[in-house]
2 protein chains.
Amino acid sequence: MTNAGQPEATPAPAKAQLTQTRILETALALFRERGFEATTMRAIAERAGVSLGNAYYYYGSKDHLVQAFYGRVHEEHLALCDARLGSMRSLKERLRFTMRSRLELIEPYHGFAAVLFRSAADPQSPLNPFSAESRPVREQATALLARVIAGSNAHMPEDLGAALPNLLWVYQMGLVLFWIHDTSQGRRRTMQLVDGSVDLVVKLIGLASLPFMRPVRRMVLRLVENVER
Amino acid sequence: MTNAGQPEATPAPAKAQLTQTRILETALALFRERGFEATTMRAIAERAGVSLGNAYYYYGSKDHLVQAFYGRVHEEHLALCDARLGSMRSLKERLRFTMRSRLELIEPYHGFAAVLFRSAADPQSPLNPFSAESRPVREQATALLARVIAGSNAHMPEDLGAALPNLLWVYQMGLVLFWIHDTSQGRRRTMQLVDGSVDLVVKLIGLASLPFMRPVRRMVLRLVENVER
DNA sequence: GTCTATAACCGGATAGAC
DNA sequence: GTCTATCCGGTTATAGAC
C-alpha cells in the first residue's frame with residue numbers, strides 16, 4: 001500500500017520503525033528481568049507480538065540487539081555529560097563524574113552486561129570494542145573523553161594530552177570490566193575504585209608532566225603509539 | 001571386569017584414561033583445524049571413535065574441553081620455565097622469556113583462543129580467570145611469576161615485591177588479550193609489544209623503587225590491594 | 001559400578017511462502 | 001514486512017552392555 005494522496009506528515013516506514021523499537025524495548029526489558037541467556041528470541045518475539053522470523057528481520061542475531069543497546073547507552077551518556085560537565089572545572093571532578101555516570105547508566109543491566117562483554121572479548125564479534133563495527137561508538141566515546149580533558153583547567157605536555165583520550169578510554173573499559181565482576185552491595189567496591197583510581201590518574205598525569213619525567217613519558221607514549229598501530 | 005589376580009602395574013581405569021585423552025587430543029586437533037565454533041561435539045566424538053554420549057561422559061560440556069586445554073598449557077609452560085630460567089639472572093631477560101614462551105606455547109591455537117576468551121570474560125563462566133574454578137591455575141601462574149622475580153638480581157622495596165606477582169599476572173593477561181587481536185605476520189606486533197613493555201615494566205619498577213616515589217607507590221599499592229578484595 | 005550408545009529436547013538461526 | 005516450517009548443534013535422558 002503506497003502513501004499516495006495522503007496528507008500525513010509521517011512517511012511510509014513509520015510502522016516498521018515502531019515495530020523495530022518495540023522489539024528492542026521488549027528485549028531489553030526481558031534481559032533485565034531474566035538475564036541474557038534465559039531470554040530466548042522466541043520469548044522476545046512473543047511478548048513483542050511478532051513472529052520469530054520477524055524479530056530476525058529487524059535484528060540479524062541476538063547480538064545485534066546488544067549492539068543496539070550499546071549505541072543507546074552511549075547517546076544517553078553523551079546527553080548527560082553535555083548537560084552536567086559545564087559547571088565543573090577540575091579534571092578530577094570531571095573525570096569522576098564521567099566515569100560514575102557511565103556506570104550508573106548501565107547499572108540496571110548489570111546482570112546481563114556480563115554476556116555483553118563475553119562477546120566483546122571475541123575479536124570476530126562486531127560487539128568487540130576494537131572492531132570495525134564499534135569504531136563509530138569508540139570514536140564518539142574517545143571524543144567525549146577529549147572534551148572532558150579540554151574543558152578542565154589541567155595543564156600537561158602536548159604529547160601526553162594527545163594520547164590521553166585513548167588512554168582514558170582504555171581506563172574506562174577497565175572500570176567496566178571490574179564493575180561486571182563486582183557483586184558488592186550497591187556496587188560499593190566499583191565506586192571506591194572509581195574514586196581511588198581517578199585520584200591516582202590525576203596524580204600520575206601531574207607526575208608524568210614533570211620535566212625530568214620526559215624520557216619515561218616518551219617511552220610510554222611510544223609504546224602506546226605502537227600498540228594503536 | 002575386575003583386575004583380581006592380574007600382576008599389571010596399571011590399575012583398572014587405564015582404558016578409560018586412554019579414551020579421555022583421545023577425546024581431548026581429537027578435540028584440540030579439530031579446534032586447530034576448524035576453529036571452535038565449527039567443531040561440533042558430534043564431529044569430535046566421531047573422529048575419536050566414541051559416541052556423542054560418551055564424549056559428554058568425560059567432558060560435561062564443550063567448555064570443559066577448553067578448561068582441560070588450559071590446564072595442559074600451564075603445565076607445559078611451567079616445565080619450560082623450570083628448564084630454562086635457571087641460566088638467566090636479569091629480571092628483564094627472565095620476564096621476556098616467560099612472556100614470550102607463554103605466547104609461543106599457545107600460538108598453534110591462536111584461531112580458537114579468541115573463543116576461549118569469550119567465555120573467559122563472563123564472570124559466571126568457570127573459564128573466567130578470576131573464577132573459583134580457575135583459582136588453582138591462577139595461583140600456580142602467580143607463583144611462577146613470583147619465582148621469576150625472586151630468581152633475578154633485581155632489588156626493590158618489600159611492599160612492591162609483595163604486590164608484583166599479581167600485577168605481572170594481570171600484565172600477562174593483557175599481553176594475551178593483545179595477542180588474541182593480533183593478526184600481523186608471525187605475531188610480529190605482539191612480540192614487539194612484549195619487548196617494549198618488558199623494558200618499560202623493568203624501568204617502572206626501578207622508578208617506583210626510588211625513595212621519593214614512596215608516596216605514589218603507596219597510593220598505587222593501596223589501590224591494588226583494594227581491588228584484590 | 002563403570003562405561004557406551006541412541007533418541008530426544010531446546011533454542012538460535014534460516015528459507016521461502018504470502 | 002510478516003509469517004510458518006525447518007535446520008542445526010549443544011545438551012540431556014535413558015536404556016542397556018561389560
Side-chain angles (χ1 to χ4, degrees), chain A residues 1-3 10-24 26-27 30-31 33-68 112 115-116 118-119 122 124-127, chain B residues 1-4 6 8 10-24 26-27 30-31 33-69 112 115-116 118-119 122 124-127:
Chain A
M1 185 198 290
T2 72
N3 247 11
T10 49
K15 183 177 143 209
Q17 192 68 264
L18 279 175
T19 307
Q20 180 160 21
T21 308
R22 187 154 33 90
I23 293 172
L24 177 58
T26 308
L30 282 170
F31 289 161
E33 284 172 33
R34 318 179 180 173
F36 185 77
E37 310 273 46
T39 302
T40 68
M41 287 298 283
R42 284 165 177 81
I44 295 170
E46 191 180 350
R47 198 194 276 192
V50 298
S51 72
L52 177 61
N54 195 214
Y56 273 100
Y57 174 79
Y58 285 107
Y59 295 96
S61 77
K62 212 175 166 183
D63 280 1
H64 280 74
L65 284 164
V66 177
Q67 218 166 2
F112 115 88
V115 186
L116 192 156
R118 234 184 57 159
S119 312
D122 180 355
Q124 304 307 318
S125 169
L127 297 181
Chain B
M1 182 202 288
T2 72
N3 248 11
Q6 293 190 26
E8 322 173 5
T10 49
K15 183 176 144 209
Q17 191 67 264
L18 279 174
T19 306
Q20 180 159 22
T21 307
R22 187 152 36 89
I23 293 171
L24 178 58
T26 306
L30 282 171
F31 289 163
E33 285 173 33
R34 317 178 181 174
F36 185 77
E37 309 273 47
T39 301
T40 69
M41 287 298 283
R42 286 163 177 87
I44 295 171
E46 190 181 348
R47 196 194 275 193
V50 299
S51 71
L52 176 62
N54 193 8
Y56 273 99
Y57 174 80
Y58 285 109
Y59 296 96
S61 76
K62 212 175 166 184
D63 279 1
H64 279 74
L65 284 164
V66 177
Q67 218 165 0
F69 159 73
F112 115 87
V115 184
L116 191 155
R118 238 184 57 157
S119 312
D122 179 356
Q124 306 304 320
S125 168
L127 297 182

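Throughout, a chain's letter reflects where its sequence line sits, starting with A, and its residues are numbered from 1.
In this structure, B/Ile44 places its CD1 atom 12 Å from C1' of D/dG9, rounding to the nearest Å. A straight line from NE2 of A/His64 to P of C/dG12 spans 15 Å, rounded to a whole angstrom. In this structure, B/Tyr59 places its OH atom 17 Å from P of D/dG10, rounding to the nearest Å. If you take CD of A/Glu37 and P of D/dT11, they are 11 Å apart, rounded to a whole angstrom. As rounded to whole Å, 14 Å separates atom P of D/dC7 from atom CZ of B/Arg42. We find that CG of A/Asp63 is positioned 11 Å from C1' of C/dG12, with the value rounded to whole Å. Across the protein-nucleic acid pair, A/Tyr56 atom OH and D/dT6 atom P stand 19 Å apart, rounded to whole Å. One can place CG of A/Leu18 at 10 Å from P of D/dT2, the figure rounded to the nearest angstrom.
The heavy-atom pair separating B/Leu30 from B/Thr39 by the smallest distance is O-OG1, 3.3 Å. For B/Ala27 against B/Ile44, the heavy-atom pair with the smallest separation is CB-CD1, 3.8 Å. Residues A/Tyr56 and A/Ser61 approach most closely at CE2-CA, 4.0 Å, considering heavy atoms.
Distance from the side chain of A/Thr19 is smallest for D/dT2 among the nucleotides C/dA13, D/dT11, D/dT2. Comparing C/dA5, D/dC3, D/dT11 against the side chain of B/Asn54 picks out C/dA5 as the nearest. Which of D/dT12, C/dA8, C/dG12 sits closest to the side chain of A/Lys62 comes down to C/dG12. Closest approach to the B/Tyr57 side chain among C/dC3, D/dA5, D/dG10 is made by C/dC3 (side chain taken as heavy atoms from C-beta onward).
The shortest side-chain heavy-atom distance between A/Arg22 and A/Thr26 falls under the 4.5 Å cut-off.
B/Phe36 and B/Phe31 have tilted rings, their planes meeting at an angle from 30° to 60° on a 0 to 90° scale.
If you check every strand for non-hydrogen atoms under 4.0 Å, A/Ser51 touches a base. Counting any heavy atom pair closer than 4.0 Å across all strands shown, B/Tyr58 reaches sugar-phosphate atoms only and no base atom.
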